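Chain naming here is simple, since letters A, B, ... match the order of the sequence lines and numbering starts at 1 in each. None of the values given here were measured: they were computed from a predicted structure.
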2 protein chains.
Amino acid sequence: MVSMKDLAAACNVSIATVSKALNDQHDVSAKTKEMVRKKAKELGYFPNSAAKALKTNRSHNIGVLFVDEAQSGLTHDFFANVLDSFKRTIELRDYDLTLVNCSKTHSGSMTYLERARYRGLDGVAIACIDFRDPEVIELVDSSIPVVTIDYIFNNRIAVISDNVKGMRDLVTYVYEMGHRKIAYIHGNDTSVTQARISSFYTTCTQLGIEVPEDYIKRADYRDTEGTYHRTMELLDLSDPPTCILYPDDFAGFGGINAIRERGLRVPEDISVAGYDGIRIGRHIEPKLTTIRQDTESIGRQAAENLIKLIEHPRSTIIRPIVVEGELYKGSTVKDINRIAE
Amino acid sequence: MVSMKDLAAACNVSIATVSKALNDQHDVSAKTKEMVRKKAKELGYFPNSAAKALKTNRSHNIGVLFVDEAQSGLTHDFFANVLDSFKRTIELRDYDLTLVNCSKTHSGSMTYLERARYRGLDGVAIACIDFRDPEVIELVDSSIPVVTIDYIFNNRIAVISDNVKGMRDLVTYVYEMGHRKIAYIHGNDTSVTQARISSFYTTCTQLGIEVPEDYIKRADYRDTEGTYHRTMELLDLSDPPTCILYPDDFAGFGGINAIRERGLRVPEDISVAGYDGIRIGRHIEPKLTTIRQDTESIGRQAAENLIKLIEHPRSTIIRPIVVEGELYKGSTVKDINRIAE
DNA sequence: AATTTATTCTAAAACGTTTTCGTTTTTTAG
DNA sequence: CTAAAAAACGAAAACGTTTTAGAATAAATT
């Protein structure tokens, strides 16, 4: 491995000059800069990030923290898409991405914050996680630049999907298609779920729809088993809904299975809608009606704002960034207006 | 940030002793070790990976290289699952994972090898990529420990899915269900595809099935559009197949759409099968018959062997590790034996 | 008690950078 | 042509570790 020392020797200049030439500092002549750079290429020199990080306290390395509870994590469609976009964005700015080790099984394990400091991460994006975890709080309260995804902390940059608008759009669309008996199987207790539930009720009220208590059920996200059973319960009601909303697209398929098992058809006999807009939803029949979250934008904005915070901490305004989703109409919500005629 | 210097001062010992105590070296007494460790906790000391890496040339950091061409990458189900398992495994051994920057758009961009060296990565896993890329070859030919996934290089550890057995199992199953007219829409030209095609032909020959040339088509992986059109072509044949195999599950749904658009039913009128065993395939009806690749094992074995290579380079035997998949029968291949009776 | 041996510790160099501050060289002004 | 100012360069310290070689202390052997 050729170092600056070797390069300096080959150029007959000092190490300091080499460093400055490579970093395009002002106090070295254009001629020497050129010469050093040429020689660097020639010798195949490239810097050592560890040494650089040690000296500058900047690693050009951004961490991503997420906990892959039960089959989630990287294989979680929403998160994978956000991460993909995030990665693409920071790479353009010449950062690398490290997934911070969140295995708590290891013996001498550090906290998230300790690990971030240990690795000298310039910033951390936090997603898909239990935001009430004390270790997460510790990290968020630290001096390390942080952006949270789909959760808002005070004094921290957050990028969140507009679940309020999303749910409103969805319910409104379903309403416009003539539905008045709308059930909602929501996900487990997170701020995302809370936003959606609250928006669901608000919108229903505004539209003058009454929601019976037993139209509201709970299942975990991506839990097809759960939605299967909750759907059965809904179908068993004396006055069943004409449309069921699910926690997410994936879970929605569990519901569809239940419906079909009862000999009912989607959407002819009962309408359904998911949430997320996963890719496969647009490629299988019937095309699932859903709110397509703009994962590309979420990932990109998280990255851009985190980098801004890292590079210009003072001039970055701290506020939540809300990214709107988009209604994908699909074909699982039937227009039942004619029937009413 | 409290460093070893501070810790040494607080303990009234030298920096060297602190270092050794923390690293559990033999030439420091149990008493001092205990004392140093206690004090370290007290002061909230933890090491600086950059300094450590600089000194030891070991980063405890493993890189993953993959190129996310067109919608693939992280959102690619197969790869995401492999990566997830890979990550979990290395975390248990206290490594971190960095996704190596493969953006070629950046101006002063380095080659993959340069970037790996720059970051001081202890090893690199390579997947989902064009293995003929000169930069990939350069990396593979370097002295950095490398494991390739689903591709075999000479003198390098590789973990590959057993596509030969997988395809054989699949074709044999379809054969046993009575099918003799089997079409295969294969993916684009990669070693994986080659293995599958070759195994397809071999198995057919062994079973005494003749495969007309126009039963073999090509579409890109995960390309529902492509499989849609190829399927239409197959259905237009004067003697259409009774079963169609697809490049992967995702693409298979494109085929199913085409079939249904023709007013045909799966599997009553025509049987289909995918490849991969993506999660959703088991949760929607009809359940797609497929070969479930053991992504958990692939990721884990890649990680374990890479770490072995890093930590014990001499005693690690270099050979391809073949991971078998498993036939998932699903419900998209109809048993047509009775018809023949 | 003197020597050897084993144990525990430390000083100092090194890893590859960046950066401060001082020195030398070149340019400009008078 | 000299003096002052500006530009270009270099010496050396520092970042936080690990490691080598040797020093000091304690224990064991004659």
Side-chain angles (χ1 to χ4, degrees), chain A residues 1-37 39-40 43-61 94 108 110 114-122, chain B residues 1-37 39-40 43-61 94 108 110 114-122:
Chain A
M1 287 258 307
V2 31
S3 70
M4 279 194 173
K5 190 152 67 169
D6 309 318
L7 193 49
C11 294
N12 279 317
V13 295
S14 74
I15 298 182
T17 303
V18 168
S19 171
K20 290 179 198 168
L22 261 25
N23 290 331
D24 208 18
Q25 301 260 0
H26 62 282
D27 66 340
V28 43
S29 73
K31 206 178 300 177
T32 10
K33 276 183 190 170
E34 203 47 54
M35 183 259 232
V36 169
R37 285 184 191 143
K39 210 78 182 168
L43 299 191
Y45 166 85
F46 46 90
N48 177 312
S49 74
K52 189 181 285 199
L54 180 59
K55 197 60 190 142
T56 61
N57 270 319
R58 290 270 278 106
S59 62
H60 263 261
N61 205 201
D94 206 28
M110 318 180 186
E114 284 170 351
R115 210 158 244 286
R117 283 215 203 285
Y118 168 61
R119 284 291 176 197
L121 299 176
D122 289 342
Chain B
M1 287 260 308
V2 31
S3 72
M4 279 194 173
K5 191 151 67 169
D6 308 318
L7 194 47
C11 294
N12 280 317
V13 296
S14 73
I15 298 182
T17 303
V18 168
S19 171
K20 290 181 194 166
L22 260 24
N23 290 333
D24 210 16
Q25 300 260 0
H26 62 281
D27 67 340
V28 43
S29 72
K31 207 178 302 177
T32 6
K33 275 183 190 169
E34 203 46 54
M35 184 259 236
V36 169
R37 282 181 193 148
K39 210 77 181 170
L43 301 190
Y45 166 85
F46 45 90
N48 177 313
S49 73
K52 190 180 284 196
L54 179 59
K55 196 59 192 147
T56 61
N57 271 321
R58 290 269 278 103
S59 63
H60 262 263
N61 207 200
D94 207 27
M110 320 179 184
E114 283 171 351
R115 211 158 244 287
R117 283 215 203 286
Y118 167 62
R119 284 291 175 197
L121 300 176
D122 289 342

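Residue-level contact check: Y118(A) touches neither bases nor backbone, having no heavy atom under 4.0 Å from any strand. Within 4.0 Å (heavy atoms only), S29(A) reaches sugar-phosphate atoms of the nucleic acid but no base atom.
The nearest whole Å value for the distance from the CE atom in M1(B) to the C1' atom in dG16(D) is 9 Å. Across the protein-nucleic acid pair, K52(B) atom NZ and dT19(D) atom P stand 10 Å apart, rounded to whole Å. As a whole-Å value, the separation of L7(A) CG from dT18(C) P is 12 Å. Distance D24(A) CG to dT18(C) P: 13 Å, rounded to the nearest Å. Following rounding to the nearest Å, F46(B) (CZ) and dT17(D) (C1') show an atom-to-atom distance of 15 Å. Across the protein-nucleic acid pair, H26(A) atom NE2 and dA6(D) atom C1' stand 11 Å apart, rounded to whole Å. Going from atom CG of L22(A) over to atom P of dT19(C) covers 13 Å, rounded to whole Å. The CG atom of N12(A) sits 13 Å away from the C1' atom of dC9(D) (whole-angstrom rounding).
Under 4.0 angstrom from either OP1 or OP2 of dC9(C) there lies at least one side-chain N or O belonging to T32(B). For the OP1/OP2 pair of dT18(D) and a distance below 4.0 Å, the side-chain nitrogens and oxygens of S19(B) include at least one atom meeting the criterion. OP1 or OP2 of dT17(D) has at least one side-chain nitrogen or oxygen of Y45(B) nearer than 4.0 Å. Phosphate proximity of dG10(D) to T17(A): present, with a side-chain N or O under 4.0 Å from OP1 or OP2.
Among residues two or more places apart in sequence or in another chain, the side chain to side chain contact (heavy atoms under 4.5 Å, CB included) test is passed with N61(A) by S59(A), D96(A), T98(A), L121(A), R119(B). For N57(A), there are no side chain to side chain contact (heavy atoms under 4.5 Å, CB included) partners, not counting sequence neighbours. With sequence neighbours left out, A16(B) forms a side chain to side chain contact (heavy atoms under 4.5 Å, CB included) with S14(B). Scored by the side-chain hydrogen bond (donor to acceptor under 3.5 Å, both in side chains) test, T32(B) finds S29(B) as partners (sequence neighbours excluded). With sequence neighbours excluded, no residue satisfies side chain to side chain contact (heavy atoms under 4.5 Å, CB included) with A9(B).
Heavy-atom distances to DNA chain C give each of D27(A) and N23(A) a nearest nucleotide, and the one nearer the 5′ end belongs to N23(A).
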Please list each protein N or O that sits under 3.5 Å from an N or O in nucleotides 11-15 of chain C, with the distance.
residue: dA14(C); atom: N3; partner: K55(B); partner atom: NZ; Å: 2.7

Name the pairs: protein N/O against N/O of nucleotides 23-27 of chain C, kept only if under 3.5 Å.
none

TODO: Step by step, work out the side chain to side chain contact (heavy atoms under 4.5 Å, CB included) result for Y45(B) and K39(B).
DONE: CA-CA 8 Å; Y45(B) 166 85; K39(B) 210 77 181 170; over 6 Å; no

Task: Step-by-step side chain to side chain contact (heavy atoms under 4.5 Å, CB included) determination, M35(A) to C11(A) - done: CA-CA 8 Å; M35(A) 183 259 232; C11(A) 294; 3.8 Å; yes

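Within the structure, the salt bridge (Lys or Arg N to Asp or Glu O under 4.0 Å) test picks out no pair touching residues 4-13 of chain A (sequence neighbours left out). Note on residues 44-60 of chain B: pairs passing salt bridge (Lys or Arg N to Asp or Glu O under 4.0 Å), not counting sequence neighbours, are R58(B)-D122(B). Among pairs with a residue in residues 13-30 of chain B, those fulfilling salt bridge (Lys or Arg N to Asp or Glu O under 4.0 Å) read K20(B)-D27(B), D24(B)-K33(B), D24(B)-R37(B), at least two apart in sequence or across chains.
The CZ atom of R117(B) sits 9.5 Å away from atom CD of E114(B), with the distance rounded to the nearest 0.5 Å.
Over its length, the helix from dA1(C)-dT30(D) to dG30(C)-dC1(D) turns its helix axis by 50°, as judged from the five terminal pairs at each end, rounded to 10°.
For the side chain to side chain contact (heavy atoms under 4.5 Å, CB included) criterion with M4(B), the lone passing option out of L22(B), V36(B), N48(B) is L22(B).
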